[in-house]
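Have a look at the structure that comes next, please.
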Amino acid sequence: MAHALVQALDAWAATVGQVTDSARRPTRAGLVAELEKERLEFERAGRSRKKIDLPLLSYWLKGRDQLLPGSKKNRLPSQEDCEAVARAISQKAPHSARELPTIGMEIADLARRLKEEAGPGWRDEVLASLAPATVAPATHADPETYAVTAEPRRKWKGWQFAAVTAIALGLITGTMALRSGASEDDGSPGGDAAQAAELKGDHRCGRTRAVGAVSWRPCTRLDKDSLSFVVQLTNSSPRATTVKVRIGYVQAGAAHDCPAPWGTAQEVTVPAGATRTSPLDGCAAPVVPAQAFQAKAFVAGKGASAWGFREYSPTVHIQADGRRLWADKA
């Protein structure tokens, strides 16, 4: 939960930061002015909303750094705050506006659970759990979720925040709609490891998570005799971004790794504003009657030393008589 929270805070900062730091977009002061204008309109209508001033916005834009020792313990961005910011930027940055409410839900849920687990001093417990210079193997119930030894990184305020800086996990649920097609590649390597084509045919995709500005979701596509397990990645940033992808699948309740490189760690560079989909033949399995299938995937930052939470696609049930039934249609 601690790792997930710092990633959620980073995702919030990246999503809002790329809006306020871009040309022809609202400045921080302009965004605060819009937020205050709406808040006053709410008051006149008999509604209430917490104030978001410039110091608080700047605090949130620190991302994970707002948890560091010595930082003022301001409130974290709530779902209500995120919805307000989303409304303020919806005209100039609709893509980012769609992401914020779900990020706010994630932050609020994680903060609530951490407080229940560790009590009033939960922020200190979060820091303590992230401070070691080596990330120990995780004890998550899913044996596929694990961390590996990380090299010591930059020191912040006298202590090594290595586990945080080393881990760039995709733990944040996003709601952005994934677009097909791509903008021009900027020449970065690895851009052709996945395809720009839209995923077509009989398929279902799981919920969207994000690694920084790259949102991703696992999908299962069903053909006559085979199933393909893929990942769709969308980059909302103004520059190409490289992530690493690992794909597997679940068949009749048993987890399976896909062949290398997609089943181990395949780097993919997603151009700015583009969507990439892993190849259909990169991970496939034959249709087997009376069994159920679903894709399982991990996506992490290029230099990450650990895989984050896995995400699954909806399950497709292959009936004994050959009929196909998706879980969402059951």
Inset, instruction - Determine which pairs satisfy side-chain hydrogen bond (donor to acceptor under 3.5 Å, both in side chains) with at least one residue from residues 37-48, sequence neighbours left out, and list them in order. - result: Glu36-Arg39, Glu38-Arg49, Glu38-Arg87, Arg39-Glu43
Inset, instruction - Decide yes or no for Arg123 and Leu76: does some side-chain heavy atom of the first lie under 4.5 Å from some side-chain heavy atom of the second? - result: yes
Legend entry - Between Asn74 and Trp60, a side-chain donor and acceptor under 3.5 Å: no
Inset, instruction - Check side chain to side chain contact (heavy atoms under 4.5 Å, CB included) between Val288 and all other residues, then give those that pass, not counting sequence neighbours. - result: Gln251, Gln291, Phe293
Inset, instruction - Report yes or no: does Thr220 contribute a side-chain atom to a donor-acceptor pair with the main-chain N or O of Ala295 at less than 3.5 Å? - result: yes
Inset, instruction - Answer with yes or no whether the hydrophobic clustering places Val16 together with Leu54; edges join I, L, V, M, F, W, Y residues whose side-chain heavy atoms lie under 4.5 Å apart. - result: yes
Inset, instruction - Return the set of residues passing disulfide bond (SG atoms under 2.5 Å apart) with Cys258 (not counting sequence neighbours), or none when no residue passes. - result: Cys283
Legend entry - Linked, directly or transitively: Met105 and Ile107 (ILVMFWY side chains, under 4.5 Å): no
Inset, instruction - With sequence neighbours left out, write down each residue that passes side chain to side chain contact (heavy atoms under 4.5 Å, CB included) with Glu34, or none if nothing qualifies. - result: Ala88
Legend entry - Set of residues satisfying side chain to side chain contact (heavy atoms under 4.5 Å, CB included) with respect to Ser226, sequence neighbours excluded: Asp223
Legend entry - Donor-acceptor contact present, side-chain Asp109 to main-chain Arg113, <3.5 Å: no
Legend entry - With sequence neighbours excluded, residues passing side chain to side chain contact (heavy atoms under 4.5 Å, CB included) with Ala118: Trp122, Glu125
